[in-house]
Participant: 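Sharing a structure below in structure tokens format, with a few things to ask.
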Number of protein chains: 2
Amino acid sequence: MSESVGSTNHLTRNQLLVMGELSKVDGPLSAYEILDQLRDHGVRSPPQVYRALDKLVEFGLVHKLESLNAFVACRHPGGEPHEKTAFMICENCGQVFEITDDSLTKRVAALARDTQFSLTKSTIELRGICRGCQAA
Amino acid sequence: MSESVGSTNHLTRNQLLVMGELSKVDGPLSAYEILDQLRDHGVRSPPQVYRALDKLVEFGLVHKLESLNAFVACRHPGGEPHEKTAFMICENCGQVFEITDDSLTKRVAALARDTQFSLTKSTIELRGICRGCQAA
DNA sequence: ATCCCATACGTTATAGCATAACACAATTCA
DNA sequence: TGAATTGTGTTATGCTATAACGTATGGGAT
Ligand SMILES: [Zn+2]
Ligand SMILES: [Zn+2]
Ligand SMILES: [Zn+2]
Ligand SMILES: [Zn+2]
């Protein structure tokens, strides 16, 4: 039985621990915040966390937010891998909204094609104030 | 005479030095690379460089590349301030292409509007292999 | 000119993010 | 069983960025 895509199964112990922390919070966490949460569970050093994060990102279960130097669990409804997500990050409440907008994705792809740029990964992070925080 | 927009004039000494370094290279530089270049000119500590960079970014003369933790001089043809640029970063040669695509900008704005997200700044960084490097 | 205020400066120290390198353990598969 | 791969734990280190302090400088306003 060859793995098709997700490899969601058979996560290692450290990967499960890190995934657990990211899953149980709403927003992003830095690697060191995760580390602090996991000291009681035997995780003691940055490399342990970063290695788990690297794999989780590779599996598509976690995304890195470059503008925040932090990581967030994938909230994509489906479950298919998708490199083409965009994020809206509220600068007031810290919430992160993961959105997959097809026409945005297509526009980016078209832009790359037009300039003959072979696209590997796209980072799209929008900063602002979310709807909920606008009330205040 | 009130400054309208650019404030390109009256840059301070440190701002000029940092801008000079960024202008004379083709690609991005990290703050510490800039610092190393400027030690001979009396710049000795990170805060000096970061403070200059902050201002230059504020003036729109420099952009920060979040996915690289580095800074690049604005190559926008016009000269108007523009928060809405996208970057293509070649993972082979390191070149950075600053592009302003109106329909991409519009798509992002529409996305924000639709979700009632009040957009402050958008970070769009595309990674891949540039046209030139594709030959190899 | 003098005072005030805002901005910039220089410096030291420290915080926060990430990886190199090494030795060892567990797993997979031939 | 043995080899190759992947994961682990640890120490040390490097890179990125800011806090906090005191001083200097320059442009109004009086
Ligand atoms: Zn996702
Ligand atoms: Zn919010
Ligand atoms: Zn620009
Ligand atoms: Zn290239």
Side-chain angles (χ1 to χ4, degrees), chain A residues 1-3 6-22 27-59 61-72 89 91 94 123 125 127, chain B residues 1-3 7-22 27-59 61-72 89 94 123 125 127:
Chain A
M1 179 206 23
S2 70
E3 281 305 330
S7 298
T8 303
N9 6 343
H10 73 45
L11 291 180
T12 68
R13 169 181 159 78
N14 286 353
Q15 288 161 12
L16 277 171
L17 286 169
V18 169
M19 195 65 213
E21 291 306 314
L22 284 172
L29 291 175
S30 76
Y32 277 77
E33 286 170 338
I34 295 170
L35 176 57
D36 286 342
Q37 295 296 315
L38 294 180
R39 287 199 195 275
D40 299 340
H41 298 275
V43 180
R44 260 171 273 244
S45 72
Q48 294 174 285
V49 175
Y50 279 104
R51 286 194 287 233
L53 285 169
D54 284 349
K55 282 300 181 184
L56 293 171
V57 168
E58 184 185 322
F59 297 156
L61 298 172
V62 166
H63 300 291
K64 174 167 188 184
L65 299 173
E66 300 285 356
S67 65
L68 241 38
N69 293 318
F71 300 83
V72 68
I89 302 169
E91 299 189 304
T123 298
E125 300 179 13
R127 312 290 293 259
Chain B
M1 178 207 22
S2 69
E3 280 306 331
S7 296
T8 303
N9 4 346
H10 72 44
L11 291 181
T12 68
R13 170 181 158 80
N14 287 352
Q15 287 161 13
L16 276 172
L17 285 168
V18 169
M19 194 65 212
E21 291 306 314
L22 283 172
L29 291 175
S30 77
Y32 279 76
E33 286 171 338
I34 295 170
L35 175 57
D36 286 341
Q37 294 297 315
L38 292 180
R39 287 198 194 276
D40 298 340
H41 299 276
V43 180
R44 259 171 276 243
S45 72
Q48 294 174 286
V49 175
Y50 279 104
R51 286 195 286 235
L53 284 170
D54 284 349
K55 282 300 179 185
L56 292 171
V57 167
E58 184 184 322
F59 297 155
L61 297 173
V62 166
H63 301 290
K64 174 168 189 183
L65 299 173
E66 299 286 355
S67 65
L68 241 41
N69 293 316
F71 301 83
V72 67
I89 302 169
T123 298
E125 299 177 13
R127 311 289 292 258

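In what follows, chains carry the letters A, B, and so on, assigned in the order in which the sequence lines appear, proteins first and then strands, with residues in each chain numbered from 1.
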Participant: How many angstroms lie between atom OG of A/Ser30 and atom CG of A/Asp36, to the nearest 0.5 angstrom?
Facilitator: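 Atom-to-atom, A/Ser30:OG and A/Asp36:CG are 7.5 Å apart.
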Participant: I want to confirm an ordering. Mapping B/Val43 and A/Arg51 to their closest nucleotides on DNA chain C, which one lands closer to the 5' end?
Facilitator: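 Whichever sits nearer the 5' end wins; that is B/Val43.
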Participant: Using chain B heavy atoms and a threshold of under 4.0 Å, write down where along DNA chain C the contacts begin and end, 5' to 3'.
Facilitator: C/dA8 to C/dT12
Participant: For B/Leu65, is there any backbone N or O sitting under 3.5 Å from a side-chain donor or acceptor partner on B/Glu125?
Facilitator: no
Participant: With A/Glu91, which residues qualify under salt bridge (charged side-chain N to carboxylate O under 4.0 Å, His left out), at least two apart?
Facilitator: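 Listed in chain order: A/Arg127.
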Participant: Mapping A/Asn14 and B/Leu68 onto DNA chain D by nearest heavy atom, which one lands closer to the 5' end?
Facilitator: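 It is A/Asn14, whose closest nucleotide lies nearer the 5' terminus.
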Participant: Using heavy-atom distances to pick each residue's nearest nucleotide on DNA chain D, tell me which of A/Arg13 and B/Glu33 is more 5'.
Facilitator: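 So the residue in question is A/Arg13.
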Participant: Through what angle, rounded to 10 degrees, does the axis of the helix from C/dA1-D/dT30 to C/dA30-D/dT1 turn between its ends, using five pairs per end?
Facilitator: 30°
Participant: Kindly determine whether B/Val43 and B/Val18 satisfy side-chain contact (heavy atoms from CB on, under 4.5 Å), including the steps that lead there.
Facilitator: CA-CA 10 Å; B/Val43 180; B/Val18 169; over 6 Å; no
Participant: Measure the spacing between CG of A/Leu53 and CE of A/Met19 and express it to the nearest 0.5 Å.
Facilitator: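 Rounded to the nearest 0.5 Å, the CG-CE separation comes out at 10.0 Å.
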Participant: Quick one: does A/Asn14's side chain get under 4.5 Å of A/Leu38's, heavy atoms only?
Facilitator: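 The answer is no, as the side chains (C-beta and beyond) never meet within the 4.5 Å cut-off.
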Participant: Using a cut-off of 4.0 Å on non-hydrogen atoms, how would the nucleic acid contact of A/Ser45 be classed: base, sugar-phosphate, or nothing?
Facilitator: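 Contact class for A/Ser45: base.
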Participant: Check step by step if side-chain contact (heavy atoms from CB on, under 4.5 Å) holds for A/Leu22 and A/Leu61.
Facilitator: CA-CA 10 Å; A/Leu22 284 172; A/Leu61 298 172; over 6 Å; no
Participant: Does B/Glu66 form a side-chain contact (heavy atoms from CB on, under 4.5 Å) with A/Thr123? I'd like the steps, not just the answer.
Facilitator: CA-CA 9 Å; B/Glu66 299 286 355; A/Thr123 298; over 6 Å; no
Participant: Hey, what do you get for CG (B/Leu29) to CG (B/Leu35), rounding to the nearest 0.5 Å?
Facilitator: 12.0 Å
Participant: If you walk 5' to 3' along DNA chain D, what is the first nucleotide with an atom under 4.0 Å of a heavy atom in chain A, and what is the last?
Facilitator: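 With heavy atoms of chain A under 4.0 Å away, the range is D/dG7 to D/dT11.
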Participant: Quick one: side-chain contact (heavy atoms from CB on, under 4.5 Å) partners of B/Gln15, sequence neighbours excluded?
Facilitator: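 Expected list: B/Leu11, B/Thr12, B/Ala52, B/Lys55, B/Leu56, B/Phe59.
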Participant: List in chain and number order the residues that pass side-chain contact (heavy atoms from CB on, under 4.5 Å) with B/Ala70, two or more places apart in sequence or in another chain; answer none if no residue qualifies.
Facilitator: B/Pro28, B/Leu68
Participant: Of B/Thr12 and A/Pro46, whose closest DNA chain C nucleotide lies nearer the 5' terminus?
Facilitator: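 Nearest-nucleotide comparison on DNA chain C picks B/Thr12.
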